[in-house]
Number of protein chains: 2
Amino acid sequence: MTQRVGIKDVARVAGVSAATVSLVLNDRAADRIPPSTQERVRLAAQEIGYAPNRLARSLRTRRTHTIGLVSDRIATTPYAVRMVEAAQDVARERGYLLFLVNTGGDPALERDAVAALLDQQVDGLVYACMWHRVLDDLPENLPADAVFLDARPATGGFPAVVPDDRGGAVAAVQELVDAGHRRIAFIDIDEEPPPVASGLRREGYLEVLRRAGIEPDPALHVRGVSDAAGGMAAASRVLDLPAERRPTALFCFNDRIAMGAYAAARHHGLEIPTDLSVVGYDDQQLIAAELDPGLTTVRLPHYEMGRWAVEVLLGARERPTDEDGVVLMPCPLVRRDSVAPPPTREPGRRRG
Amino acid sequence: MTQRVGIKDVARVAGVSAATVSLVLNDRAADRIPPSTQERVRLAAQEIGYAPNRLARSLRTRRTHTIGLVSDRIATTPYAVRMVEAAQDVARERGYLLFLVNTGGDPALERDAVAALLDQQVDGLVYACMWHRVLDDLPENLPADAVFLDARPATGGFPAVVPDDRGGAVAAVQELVDAGHRRIAFIDIDEEPPPVASGLRREGYLEVLRRAGIEPDPALHVRGVSDAAGGMAAASRVLDLPAERRPTALFCFNDRIAMGAYAAARHHGLEIPTDLSVVGYDDQQLIAAELDPGLTTVRLPHYEMGRWAVEVLLGARERPTDEDGVVLMPCPLVRRDSVAPPPTREPGRRRG
DNA sequence: GCACAACGCTAAATCGGTTTAACAAAACGG
DNA sequence: CCGTTTTGTTAAACCGATTTAGCGTTGTGC
């Protein structure tokens with residue numbers, strides 16, 4: 001890892017001073033230095049394979065061209081990994097290198113991570129969460145120009161980007177209403193405190209019902225543990241309802257719940273989408289695309305959010321003018337094969 | 001991001017020179033400087049909130065306490081993300097910061113990434129792949145002390161860690177043999193060229209059969225596209241065999257294929273594990289644990305490999321003495337509920 | 001009272017670049 | 001031919017720390 005050739009080696013070979021080399025190689029030469037000399041310097045640099053020591057350069061210029069991404073768990077879980085990818089992509093495109101730190105949500109580690117990154121003189125910091133969160137307390141050493149990703153400080157004051165969970169839910173439920181469904185259950189997750197996304201998606205769900213003139217049935221809003229087993233149990237509860245109250249469609253809080261709903265449907269002898277329509281949320285590749293039939297779901301715009309955050313951080317995109325600086329990233333509906341019109345007759349008991 | 005207080009500010013407040021401050025704060029003072037002065041310096045540093053500029057320090061000491069992780073896609077896919085987590089954990093534990101770069105496998109980008117990291121004077125480099133790979137050509141500017149993660153150069157010469165795919169397959173198939181199965185199919189993946197893991201797992205499969213005195217039936221080795229649909233198609237082919245040739249157990253190349261195998265079993269009216277046992281590979285959380293019944297599978301030791309790589313890189317663990325420097329990380333069997341003894345009678349057609 | 005050692009501390013060099021101010025030589029204007 | 005610009009280049013300061021060599025003062029031994 002030892003830096004072999006330095007600027008003065010280039011200078012020696014080209015027969016000029018280090019200052020000249022620096023000027024030429026940074027294109028600060030403009031018209032001060034004749035093309036002949038420039039050529040000579042560049043050739044020398046090329047020849048001996050010179051690459052500037054960025055530490056030295058950064059020390060002087062006070063810009064490191066590095067940014068830090070501190071997250072609770074993104075780099076840890078398969079869930080929101082594309083936010084990291086996006087951040088990385090933007091960083092690379094703009095000539096930046098990305099420091100990645102995972103804190104697991106531990107405030108002490110968070111503080112240390114921020115401090116370590118600042119000591120490294122990073123040019124900017126992104127604070128990211130795995131799930132859409134509203135943060136009550138932040139690391140107190142967070143620089144004023146940090147950007148939030150998939151999270152926003154309760155107090156505002158920082159640029160932040162979060163998914164438009166409400167809008168996504170509207171799209172999902174509207175899809176069901178448009179297919180002709182009137183009895184639509186919401187299979188929510190059972191967590192305390194309820195995640196931000198839960199409340200927002202419920203709002204979207206209720207809004208569509210209201211607009212469609214459908215009276216929400218409290219029995220159709222159930223909660224389950226956020227995994228396939230929980231989804232199956234919760235879905236079973238609504239599918240067990242007497243025929244006239246039973247839903248013809250399920251809006252699931254996420255794809256894992258939807259996976260459980262598929263199982264519940266099977267156990268009830270219902271075929272998807274003929275007898276029962278299902279919509280999920282998250283568009284988890286390993287689930288939504290692999291289920292049979294493919295799950296219609298709402299995609300979380302992780303990549304787009306990741307890009308947004310770093311672009312704003314690097315000044316490549318203008319900060320939101322919005323009062324609290326929060327941007328809602330749209331969650332597009334991904335149509336697959338789990339939605340169909342409701343059955344016209346009593347669902348038949350076909351072979352599962 | 002401007003570094004406010006510097007070492008000379010501390011010096012001024014404490015009434016000593018910058019040299020003394022450095023000595024004290026780096027514990028190089030030992031007995032040269034009396035406790036009273038040391039105390040004074042530390043207090044001053046504390047008071048004005050001094051944190052050293054690591055760039056300046058690194059420039060002088062020639063150690064940056066940063067490492068680079070360049071990978072084809074790990075940070076991009078949900079698949080092997082725990083390798084990054086592990087790398088991050090070890091880095092943090094030992095006071096290092098981690099640069100993450102994703103190249104998508106593009107050789108030009110790889111070269112640039114390595115160059116950029118070296119220009120940043122990283123103390124070490126990990127070259128990681130998402131899947132177990134044998135690399136024919138490496139970035140030519142890779143430093144000699146790089147470490148390979150989930151990959152190994154064909155030519156050897158670098159420390160490298162890869163999963164013991166063969167051993168994992170042995171454990172998986174042995175589990176089936178121990179349960180009493182004799183007709184065990186291998187649902188392989190259909191890729192050209194076949195991934196390293198495919199060959200190794202097949203070897204393990206064949207070895208167990210041989211040891212158990214079971215003649216391998218070529219009809220029981222099928223290939224399918226590596227997703228649930230492909231797995232379903234491939235599994236169907238062996239399940240369609242006449243009763244006496246039909247397998248009672250399936251060893252699937254990965255969990256996605258196994259997911260498809262579950263669907264195929266359903267379509268054939270077979271219940272898992274009563275009528276058909278299934279073992280997967282990878283232990284993908286979103287699949288293996290969520291399937292019903294839970295999938296017995298082999299876990300890829302991503303976390304352990306990630307730790308190993310960075311520990312070796314940082315000298316916290318001794319390099320393999322092995323000729324080619326490759327370490328095989330064991331893949332433990334994860335028992336869930338998809339394995340049972342083979343049915344004694346003709347499998348009945350229960351309700352699916 | 002003097003040589004010498006120990007103590008406590010610091011000036012200055014250094015890492016490898018960037019940047020500014022200025023100098024020498026050439027060109028130009030009158 | 002002399003004063004002034006312009007041109008081409010560089011010496012030196014600087015970024016903020018670490019590290020080495022050494023300086024002044026006090027203490028010790030004889």
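Since this is a predicted model, take the numbers as computed values, not measurements.
Taking every side-chain heavy atom of A/Pro34 into account, D/dG8 is the closest of D/dG22, D/dG8, C/dT19. The nucleotide whose nearest atom lies closest to any side-chain atom of B/Leu23 is, among D/dT9, C/dT10, D/dA13, C/dT10. Of the candidates D/dT9, D/dG16, D/dA17, the closest approach to any side-chain atom of A/Leu59 belongs to D/dG16. Distance from the side chain of A/Arg57 is smallest for C/dG17 among the nucleotides D/dT18, C/dG17, D/dG16. With D/dA11, D/dC14, D/dT19 as the choices, the nucleotide that has an atom nearest any side-chain atom of A/Ala19 turns out to be D/dA11.
In this structure, A/Ile7 atom CD1 and C/dT19 atom P are separated by 11 Å, rounded to whole Å. Summarising the geometry, the separation between CD on B/Gln121 and P on C/dG16 is reported as 8 Å, rounded to the nearest angstrom. Rounded to an integer number of Å, the gap from A/Arg62 CZ to C/dG17 P is 19 Å. Across the protein-nucleic acid pair, B/Arg63 atom CZ and C/dC15 atom C1' stand 15 Å apart, rounded to whole Å. Going from atom CG of A/Asp27 over to atom P of C/dT19 covers 13 Å, rounded to whole Å. Distance B/Arg54 CZ to C/dG16 P: 19 Å, rounded to the nearest Å. Distance, A/Asn53 CG to C/dT18 C1': 13 Å, rounded to whole Å. To the nearest angstrom, C1' of D/dC23 lies 12 Å from CZ of B/Arg32.
Residue contacts for A/Leu55: at a heavy-atom cut-off of 4.0 Å it reaches no nucleic acid atom on any strand shown. As judged by a 4.0 angstrom heavy-atom cut-off over every strand, A/Thr20 is placed among the base-contacting residues.
Between A/Tyr50 and C/dG16, a side-chain N or O to OP1/OP2 separation shorter than 4.0 Å is absent. Contact between the side-chain N/O atoms of A/Thr37 and the OP1/OP2 oxygens of D/dT9 is found at a separation under 4.0 Å. For D/dT18, one of the phosphate oxygens OP1 or OP2 lies less than 4.0 angstrom from a side-chain nitrogen or oxygen of B/Asn26. Phosphate contact (OP1/OP2 of D/dT19, side-chain N/O of B/Arg28, threshold under 4.0 Å): present.
The stretch residues 10-17 of chain A touches DNA chain D through A/Val16, A/Ser17, each having a heavy atom within less than 4.0 Å of the strand.
A pairwise comparison of heavy atoms in A/Met329 and A/Val161 identifies CE-CG2, 3.9 Å as the closest pair. Nearest approach of B/Ile33 to B/Gln38, heavy atoms of both residues: O-NE2, 3.0 Å. When all heavy atoms of B/Asp123 and B/His65 are compared, the closest pair comes out as OD2-N, 2.6 Å. Across B/Gly306 and B/Leu149, no two heavy atoms sit closer than the pair N-CD1, 3.7 Å.
Each of B/Ala56 and B/Arg40 was assigned the nucleotide of DNA chain C with the nearest heavy atom; the assignment lying further toward the 5' end belongs to B/Arg40.
A salt bridge between B/Arg133 and B/Asp72 is present, with a side-chain N of the basic residue lying under 4.0 Å from a carboxylate O of the acidic one. A/Arg42 has no carboxylate O lying under 4.0 Å from a charged side-chain N of A/Glu47, or vice versa, which leaves the two without a salt bridge. A salt bridge links A/Glu85 and A/Arg82; the closest N-O separation between the charged side-chain nitrogens and carboxylate oxygens is under 4.0 Å.
No side-chain N or O of B/Arg62 forms a donor-acceptor pair with one of A/Asn53 less than 3.5 Å apart.
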